[in-house]
Amino acid sequence: MNKRNALRDLHSKWLIDSTCTLKKTATQGVPGDGTPYADIVFIGEAPGKKEDELGIPFVGAAGKFLDEMLADIHLKRNDVYITNIVKYRPPDNRDPLEKEKQECNQWLIDELNLIQPTLIITLGRHAMNNFFPDEKISNTHGTLLNKKIPGIPTKNFYILYHPAAALYNGSLRDILIKDFKKIPKLLKKLRAK
Ligand code: URA
């Protein structure tokens, strides 16, 4: 089976099997989106209103900003893979609870193992803290963190602020744009290893 079909089957299975509590309140599940052949996987926090409506991650204002930053480094959504820690919208966009993150964790691990990316890019503190619980994003944004985590197929994590947090905060926005522009060089270096 090719990777595209395998990814489609993986999402179909989890959309049925997921026991995430948020399934009761969300409109639908929001699986990851993009190419299963991606070198880069972006991981956000949880779907928002628009994502919940359409069933696709990062399609609201934050997603538009993400698309613009991708275009700046000559990438399109379909050149990468974009997903979330939590696959169902928390009511009123509240922060996902630890339990809800745990309930969606195996779905994320399955996506990562199918794709086998060179680099994981975390968007925001929730995604970063999922892999690095003790780090502070103000210290780690724009840096590559290395960690071998059981079950995760890469040890390379690049940390970014969340596009939604940066959207209405000028200084965070400038920092995120600057950090984002470092991605091509970083990826080239990792690929050469
Ligand atoms: N914010 C996220 O973290 N994920 C989305 O899919 C949309 C907004």
Side-chain angles (χ1 to χ4, degrees), residues 7-8 10-11 14-15 18 20-23 25-36 38 40-71 75-112 115 117 119-133 135-138 140-142 152 157-169 172-173 175-177 179-180 183:
L7 184 64
R8 192 202 50 215
L10 187 156
H11 290 321
W14 274 112
L15 283 166
S18 170
C20 186
T21 320
L22 292 171
K23 219 174 172 176
T25 48
T27 305
Q28 59 186 320
V30 181
D33 180 46
T35 173
I40 305 176
V41 171
F42 287 87
I43 306 180
E45 178 184 329
K49 189 168 188 294
K50 192 96 186 166
E51 290 78 20
D52 177 67
E53 268 167 37
L54 298 179
I56 305 168
F58 283 95
V59 284
K64 191 164 170 280
F65 184 28
L66 180 60
D67 289 348
E68 285 167 15
M69 289 187 289
L70 282 170
L75 288 176
K76 294 185 291 301
R77 278 178 81 100
N78 268 335
D79 297 322
V80 299
Y81 187 81
I82 302 171
T83 191
N84 283 303
I85 298 283
V86 169
K87 306 292 200 263
Y88 296 87
R89 182 192 183 205
D92 300 320
N93 295 349
R94 66 157 168 73
D95 285 353
L97 306 175
E98 201 46 50
K99 174 175 180 278
E100 293 157 354
K101 294 181 195 171
Q102 283 308 318
E103 288 167 342
C104 279
N105 193 45
Q106 192 58 48
W107 188 343
L108 176 67
I109 290 179
D110 286 356
E111 288 176 291
L112 294 172
I115 296 167
L119 179 63
I120 290 174
I121 300 183
T122 58
L123 300 170
R125 79 187 157 85
H126 286 279
M128 179 193 72
N129 287 148
N130 192 60
F131 304 103
F132 302 92
E135 296 289 355
K136 285 235 171 334
I137 198 161
S138 51
T140 55
H141 73 87
I152 306 287
F157 296 83
Y158 186 57
I159 313 300
L160 291 178
Y161 280 113
H162 197 290
L167 210 47
Y168 306 107
N169 176 327
L172 270 196
R173 189 185 167 93
I175 293 170
L176 175 56
I177 290 172
D179 290 344
F180 211 96
I183 294 172

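Order of listing sets the numbers, starting from 1, for every ligand and every atom in it.
- A distance of 4.0 Å separates CG in Leu70 from CZ in Phe180, rounded to the nearest 0.5 Å.
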Before you tell me yes or no, could you show the steps for Glu51 and Asp33 under side chain to side chain contact (heavy atoms under 4.5 Å, CB included), namely the whole-Å CA-CA distance, both residues' side-chain angles and the distance that decides it to 0.1 Å? CA-CA 11 Å; Glu51 290 78 20; Asp33 180 46; over 6 Å; no
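- For the pair Ser18 and Lys23, the tightest heavy-atom approach, listed with the atom from each and the gap, is O-NZ, 2.9 Å.
- Listed by chain and number, the residues in a salt bridge (Lys or Arg N to Asp or Glu O under 4.0 Å) with Glu135 amount to none (sequence neighbours excluded).
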Exercise answer, ligand 1 polar atom pairs (N/O) under 3.5 angstrom:
from, atom 1, to, atom 2, distance (Å)
ligand 1, 1 (N), His162, NE2, 3.3
ligand 1, 3 (O), Glu45, N, 2.8
ligand 1, 3 (O), Ala46, N, 3.4
ligand 1, 3 (O), Ala46, O, 3.4
ligand 1, 3 (O), Asn84, OD1, 3.3
ligand 1, 3 (O), His162, NE2, 2.8
ligand 1, 4 (N), Ala46, O, 3.0
ligand 1, 4 (N), Asn84, OD1, 2.8
ligand 1, 4 (N), Asn84, ND2, 3.4
ligand 1, 6 (O), Phe58, N, 3.0
ligand 1, 6 (O), Asn84, ND2, 2.9

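- Rounding to the nearest 0.5 Å places CD1 of Ile115 at 4.5 Å from OH of Tyr81.
- Paired with Leu160 under the rule side chain to side chain contact (heavy atoms under 4.5 Å, CB included), one option of Ile175, Thr140, Ile121 passes, and it is Ile121.
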